[in-house]
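By convention in this document, chain letters (A, B, ...) are assigned in the order of the sequence lines, proteins followed by strands, and residues within each chain are numbered from 1. Note that these values count all heavy atoms, side chains included, but never hydrogens, waters or copies made by symmetry.
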Amino acid sequence: MLAKRIIPCLDVTGGRVVKGVNFVGLRDAGDPVEIAARYNEQGADELTFLDITATSDGRDLILPIIEAVASQVFIPLTVGGGVRTVEDVRRLLNAGADKVSFNSAAIANPQVVRDAAAKYGSQCIVVAIDAKRRSAEEERRPGPDGQPLGPGWDVYSHGGRRNVGLDAVAWARRVAELGAGEILLTSMDRDGTQAGFDLELTRAVSDAVDVPVIASGGVGTLDHLVDGIRVGGADAVLAASIFHYGTYTIAQAKRRLAEAGIPVRL
Amino acid sequence: MAGGRETVAVVDYGMGNLRSVAQAVLHAARVSDRVDVVVTASPQAVRDAHRVVLPGQGAMPDCMAELERSGLREAVLHAAATKPLFGVCVGMQMLLEHSEEGDTPGLGLIPGRVVRFRLDGQRQPDGSRYKVPQMGWNRVWHGFEHGAAERPAAHPLWAGIPDGSYFYFVHSFHAHPADPGHTVGVTDYGVRFASAIARDNLFATQFHPEKSAAQGLALYRNFLHWNP
């Protein structure tokens with residue numbers, strides 16, 4: 001059977017890989033090829049590059065990074081952040097990306113997911129969903145059937161700043177129907193807390209779709225990774241800080257998963 | 001590979017970005033190998049090359065149509081008759097006689113057909129549903145004990161690669177060679193299927209060596225040193 005995947009996430013801006021906490025205190029984390037090679041060496045199954053550049057002017061600077069990494073590191077590469085059009089997908093794939101991730105643009109224009117998947121195949125189209133548990137007030141909002149929505153998670157766009165009024169599970173189902181080949185699911189409640197994934201959210205989305213789900217947001221310990229797969233039903237787990245700060249290596253994470261009886265590529 | 005420089009042609013018939021394939025082959029070469037890797041749409045360059053890699057992405061009908069339209073079909077058949085050729089993904093599927101995908105005839109270089117995964121209703125060992133396409137890392141078995149009852153010794157391209165190593169797959173269809181002797185690697189995904197096939201100077205994989213880290217590069221390195 002397929003191995004469950006461990007995916008380190010690298011933030012990129014201005015053509016450099018950076019690290020920081022909640023976008024504060026960004027600092028240069030070194031050469032992208034070196035970092036990618038180190039994670040590859042440790043056994044990472046994929047790498048995700050997130051372009052956190054705020055302006056479209058700086059956006060193209062990620063292309064040389066992807067080109068450089070793709071020429072030296074031979075594992076799948078996913079790129080997300082600011083991807084808007086089918087043309088963006090083409091340029092990133094040509095630079096060496098294997099998958100491209102839509103987020104806000106898919107919400108504004110779901111057709112772009114369909115078009116990109118039709119042109120390049122579902123296997124290279126990811127939709128990232130930033131989800132946050134509804135407040136008591138938000139639970140009273142009427143749903144599609146006119147009844148109060150009740151407990152659940154709302155989708156946010158623009159880096160988590162805007163509640164777009166979509167239910168996260170329903171949205172996951174919809175993007176999978178549109179042709180997304182994978183869902184990168186981030187819990188905004190847990191992101192940066194190191195308190196573990198939102199397992200209920202992860203399970204709800206995993207059960208709702210037939211495409212792989214990558215759990216993201218909140219990893220602080222290796223057991224959190226195990227829980228994301230075991231309890232949350234995720235096909236892959238994504239983490240940034242525990243790897244960037246050297247708290248754990250990918251190899252340690254792989255061994256913990258293997259000890260828990262989860263199939264991993266060792 | 002003693003002697004002069006060798007050229008490896010990566011056949012570019014317009015289906016997908018071939019740079020990662022070319023870079024992985026180049027990366028796999030040892031410093032002493034003196035290998036040139038060219039991504040080429042020229043039939044003559046394919047004829048002149050010492051070795052040929054035939055990649056393939058997307059749908060089999062599109063790949064076969066583009067191979068024909070680009071004028072590269074004859075050059076690929078010539079290569080298959082005369083020198084080491086490595087097929088990857090749909091580049092593997094095209095070597096067979098026929099694919100269910102769009103009811104498409106292949107090149108017919110290896111007897112057999114290409115069929116779709118039929119895994120509806122089946123559950124993986126952990127209780128989850130099988131997903132199609134298979135997308136991710138799975139194990140390839142090339143030793144005696146895991147394959148069909150009667151199989152030859154491991155193919156030389158597996159030298160130094162442990163049995164059961166993980167490789168990266170993205171596919172919905174898989175090869176079904178008519179002669180079990182042409183299967184040189186198998187993978188389990190609801191069904192046991194041929195993830196590597198070979199005949200004489202032909203070797204092909206369903207998985208992507210160029211995305212399979214060290215073991216993928218080892219396979220390309222063995223291909224560069226293979227003299228069938």
Using non-hydrogen atoms and a 4.5 Å limit, figure out which bit of [X] sits close to chain B: side chain, backbone, both or neither.
X	answer
Ser206(A)	backbone
Leu93(A)	backbone
Lys119(A)	neither
Glu41(A)	neither
Asn40(A)	side chain
Asp207(A)	backbone

Do you know the tightest heavy-atom contact between [X] and [Y]?
X	Y	result
Arg19(B)	Glu67(A)	NH2-CG, 3.3 Å
Ile75(A)	Ala213(B)	CG2-CB, 3.7 Å
Lys131(B)	Val211(A)	NZ-O, 3.6 Å
Pro212(A)	Met135(B)	CG-CE, 4.1 Å
Ala3(A)	Tyr166(B)	CB-CE2, 3.6 Å
Gln23(B)	Ser71(A)	NE2-CB, 3.2 Å

Just how far is it from atom [atom1] of [X] to atom [atom2] of [Y], taken to the nearest 0.5 Å?
X	Y	atom1	atom2	result
Gln123(A)	Phe169(B)	CD	CZ	15.0 Å
Arg5(A)	Tyr168(B)	CZ	OH	6.0 Å
Asp45(A)	Ser212(B)	CG	OG	11.0 Å

Proximity breakdown for Leu217(B) and chain A, heavy-atom pairs closer than 4.5 Å
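Contact with chain A: side chain only.
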Mark yes when over 12 heavy atoms from residues, nucleotides or ligands other than [X] sit less than 6.0 Å from its [atom1]; otherwise mark no.
X	atom1	result
Lys83(B)	NZ	yes
His176(B)	NE2	no
Arg174(A)	CZ	no

